[in-house]
Amino acid sequence: MRQKIIFNIVIASILAAMALVLEKLGIKIPLLGNTTTLRISFYGLPLMIAGIIFGYKTGLLAGLIMAIISQLVLSEYGITPTTPLWMIAPIIFGLLSGLIIKIFKDKISVISILISVVITSILVSLANSLALYVDGIVFDYDTKITFVLIMIRILSSIVVACIYIPILYILSKRLKKFIEE
């Protein structure tokens, strides 16, 4: 039992580290006359793999590790009043993907991955949009720009979700088979 707990912590940490690297490698797209940027990143992939393959507890742990390091250690903005809100998205990626696969009795299929990615992407977009909106209120940004940014973020999350589905399906099936052998 203790070895399984240690194994899950190690796996969650490795996947969280992968998520951090993918977040830093994200593509920054200048928006609104270069006044702000949109970051397109695939950091959710390893966090979702943690939830799908190793279960929602490991997914939660991976998301939490990633959120803490990303927001409290590596963030270019430092700790702000909205830092806890920005930490929600990575946790959702790991936790919710694992819970959704659990509903499908741990069966990895195109449908279970599709539903997991769609629901997770929507909730992550909503969480990040909430954080962005509260940032706008706390730091007195123009709220019109904030709503435009939220719409752009939602559209970009749809594109990213379409990329996640085949990658997660293929990787999850292969990793699950590898681990079970």
Side-chain angles (χ1 to χ4, degrees), residues 8-9 11-28 31 36-103 113-141 143 145-161 163-165 168:
N8 283 351
I9 291 170
I11 292 298
S13 298
I14 291 169
L15 291 168
M18 290 173 65
L20 284 165
V21 169
L22 288 173
E23 181 186 32
K24 290 300 172 190
L25 293 176
I27 302 164
K28 288 185 179 180
L31 297 174
T36 188
T37 59
L38 170 70
R39 179 181 287 210
I40 296 179
S41 172
F42 297 100
Y43 81 89
L45 280 171
L47 301 176
M48 290 186 78
I49 287 171
I52 291 167
I53 301 296
F54 300 102
Y56 66 91
K57 291 177 186 174
T58 302
L60 169 66
L61 184 60
L64 185 61
I65 292 168
M66 192 273 185
I68 289 169
I69 294 171
S70 174
Q71 291 298 314
L72 302 181
V73 178
L74 301 177
S75 173
E76 57 196 66
Y77 303 107
I79 299 172
T80 69
T82 58
T83 295
L85 293 175
W86 289 107
M87 293 174 70
I88 294 171
I91 293 168
I92 289 173
F93 270 127
L95 174 66
L96 194 58
S97 59
L99 287 173
I100 291 169
I101 293 298
K102 190 80 168 159
I103 291 169
I113 296 293
L114 174 77
I115 291 171
S116 180
V117 168
V118 168
I119 292 173
T120 303
S121 295
I122 290 169
L123 290 178
V124 164
S125 287
L126 290 173
N128 282 334
S129 296
L130 172 67
L132 184 63
Y133 180 72
V134 174
D135 257 358
I137 292 170
V138 171
F139 299 108
D140 198 30
Y141 301 151
T143 54
I145 292 174
T146 301
F147 283 110
V148 169
L149 289 174
I150 289 170
M151 292 299 117
I152 292 170
R153 283 173 166 268
I154 290 170
L155 290 173
S156 73
S157 74
I158 292 168
V159 172
V160 171
I163 296 169
Y164 272 34
I165 293 166
L168 274 173

Closest approach of I154 to S157 (non-hydrogen atoms, all atoms of both residues):
O-OG, 2.7 Å

Got a sec, which residues hit side chain to side chain contact (heavy atoms under 4.5 Å, CB included) with Y56, two or more places apart in sequence or on another chain?
L95, L99

What's the separation between atom OG in S13 and atom CD1 in I9, rounded to the nearest 0.5 Å?
7.5 Å

Could you walk me through whether T82 and V138 satisfy the side-chain contact (heavy atoms from CB on, under 4.5 Å) test, starting with their C-alpha distance in whole Å, then the side-chain angles of each, then the deciding distance to 0.1 Å, before giving a yes or no?
CA-CA 8 Å; T82 58; V138 171; 4.3 Å; yes

Could you walk me through whether W86 and L132 pass the side-chain contact (heavy atoms from CB on, under 4.5 Å) check?
CA-CA 8 Å; W86 289 107; L132 184 63; 4.1 Å; yes

Residues A16 and A62: closest non-hydrogen pair is CB-O, 3.5 Å

Restricting to side-chain hydrogen bond (donor to acceptor under 3.5 Å, both in side chains), what partner residues turn up for E23, sequence neighbours left out?
S70

Side chains of K57 and N8: closer than 4.5 Å at any heavy-atom pair?
no

Check the pair T80, T83 against side-chain contact (heavy atoms from CB on, under 4.5 Å), reporting the backbone distance first and the verdict last.
CA-CA 5 Å; T80 69; T83 295; 3.4 Å; yes

Determine the minimum heavy-atom distance between S41 and L22, stating which atoms define it.
OG-O, 3.3 Å

Would you call the rings of Y164 and F42 parallel, tilted or perpendicular, where under 30° means parallel and over 60° means perpendicular?
tilted

Evaluate L168 against I49 for side-chain contact (heavy atoms from CB on, under 4.5 Å), listing each step before the verdict.
CA-CA 7 Å; L168 274 173; I49 287 171; 3.6 Å; yes

Holding to side chain to side chain contact (heavy atoms under 4.5 Å, CB included), I want the full list of residues that pass it with L123, two or more places apart in sequence or in another chain.
I92, L96, I119, L126

Kindly give the heavy-atom pair with the smallest separation between S121 and A161, and that separation in Å.
OG-CB, 3.5 Å

Inter-residue atom distance I11.CD1 - L61.CG, 0.5 Å rounding
11.5 Å

Measure the OG-CE distance between S125 and M151 for me, rounded to the nearest 0.5 Å.
10.0 Å

For residues 116-139, which residue pairs qualify under salt bridge (Lys or Arg N to Asp or Glu O under 4.0 Å), counting only residues two or more places apart or in two chains?
none

Please report the shortest heavy-atom distance between A127 and I88, naming the atom on each side.
CB-CG2, 3.8 Å

Quick check for you: to the nearest 0.5 Å, what is the distance between S129 atom OG and I122 atom CD1?
11.5 Å

Could you work out, with side chain to side chain contact (heavy atoms under 4.5 Å, CB included) as the rule, every residue matching L64, not counting sequence neighbours?
I68, I91

About how many Å separate CD1 of I165 and CG of L114, when rounded to the nearest 0.5 Å?
4.5 Å

Do P81 and F139 come within less than 4.5 Å of each other through their side chains, counting heavy atoms only?
yes

First locate atom CE of M18, then atom CG of L45, and finally report the distance between them rounded to the nearest 0.5 Å.
8.5 Å

Side chain to side chain contact (heavy atoms under 4.5 Å, CB included) with L74: which residues, sequence neighbours excluded?
L20, K24, I69

Can you name the closest pair of heavy atoms from A67 and M87 and give their distance?
CB-O, 3.6 Å

May I ask you to test the L47-L15 pair for a side-chain heavy-atom distance under 4.5 Å?
no

